[in-house]
Amino acid sequence: QVQLLESGGGSVQPGESLRLSCEASGVTAASVVVGWFRHVPGKEREGVAAIYTGGRLTYYSDAVKGRFAVSQGNDKNTFYLQMNALKPEDTAVYYCALTQSAVREPPLQADEYLYWGQGTQVTVSS
């Protein structure tokens, strides 16, 4: 059973940075897709970034392109979302998600992912 454990959320001021971590266990596939999503109450869950571990390809939504970076750790089981130049509109609960199956592109559709982390709150406010 795949499990995802997130950490790294918090409260920061506009312009500051945060790094979220997602530790995966129970993965059996040689390559997976890991996505990062965020959710604000009253809005749909929004995909912001994804990484294909096989080819290390990455995708970003227009809202975060150039500010966020997704990566895989050297241990292969930990994934990171580096968030720079944070804005108040980035405030949300952030989730990592994982699938061991092929996904439609862009890989930012929540219904493509089977496994989800518990979520971590990110608050950007002055």
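The analysis underlying the following values was restricted to heavy atoms, covering all of them including side chains, and did not include hydrogens, waters or symmetry mates. Residue indices begin at 1 and follow the sequence shown.
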Counting only heavy atoms not in [X], do more than 12 sit closer than 6.0 Å to its [atom1] atom?
X     : atom1 : result
Glu23 : CD    : no
Gln3  : CD    : no
Glu89 : CD    : yes

When you compare the side chain of [Y] with that of [X], does any pair of heavy atoms fall below 4.5 Å?
X      : Y      : value
Val48  : Arg38  : yes
Arg104 : Asp111 : yes
Pro88  : Pro14  : yes
Leu20  : Val122 : yes
Thr53  : Lys76  : no
Tyr52  : Val103 : yes
Tyr115 : Gln1   : yes
Phe79  : Val70  : no

Spatial distance of atom [atom1] ([X]) from atom [atom2] ([Y]) [nearest 0.5 Å]:
X     : Y     : atom1 : atom2 : result
Leu86 : Arg67 : CG    : CZ    : 6.5 Å
Tyr80 : Gln72 : OH    : CD    : 10.0 Å
Asn84 : Glu16 : CG    : CD    : 11.5 Å
Ser61 : Phe68 : OG    : CZ    : 8.0 Å
Leu18 : Met83 : CG    : CE    : 4.5 Å
Ile51 : Leu98 : CD1   : CG    : 11.5 Å

Is it true that Lys87 and Asp90 have a side-chain N and a carboxylate O under 4.0 angstrom from each other?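 Salt bridge absent between Lys87 and Asp90.
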Quick one: closest heavy-atom pair of [X] and [Y], and the distance?
X     : Y      : value
Val33 : Pro107 : CG1-CB, 4.2 Å
Ala69 : Tyr60  : CA-OH, 3.3 Å
Ala50 : Tyr113 : CB-OH, 3.8 Å
Cys96 : Glu6   : N-OE2, 3.0 Å
Val27 : Gln100 : CG1-OE1, 3.6 Å
Gly26 : Val2   : O-CG2, 3.5 Å

Within the side chain of Glu112, is there an N or O that forms a donor-acceptor pair under 3.5 Å with the backbone of Gln109?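 Pair absent, no side-chain N/O of Glu112 close to backbone of Gln109.
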Working for side-chain contact (heavy atoms from CB on, under 4.5 Å), residues Gln121 and Thr91: CA-CA 8 Å; Gln121 177 70 45; Thr91 296; 3.9 Å; yes
When hydrophobic residues are tied together by side-chain contacts of less than 4.5 Å, even through go-betweens, does [X] share a cluster with [Y]?
X     : Y      : result
Tyr94 : Leu4   : yes
Val40 : Val124 : no
Val32 : Leu5   : no

Can you tell me how the ring of Trp116 sits relative to the ring of Tyr95, calling it parallel under 30°, perpendicular over 60° and tilted otherwise?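 Perpendicular, since the angle between the ring planes exceeds 60°.
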Within 45° of the ring axis of Phe37 and under 6.0 Å from its six-membered ring centre, is that where the NZ or CZ of Arg45 lies?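 No, cation not above the ring by the 6.0 Å, 45° rule.
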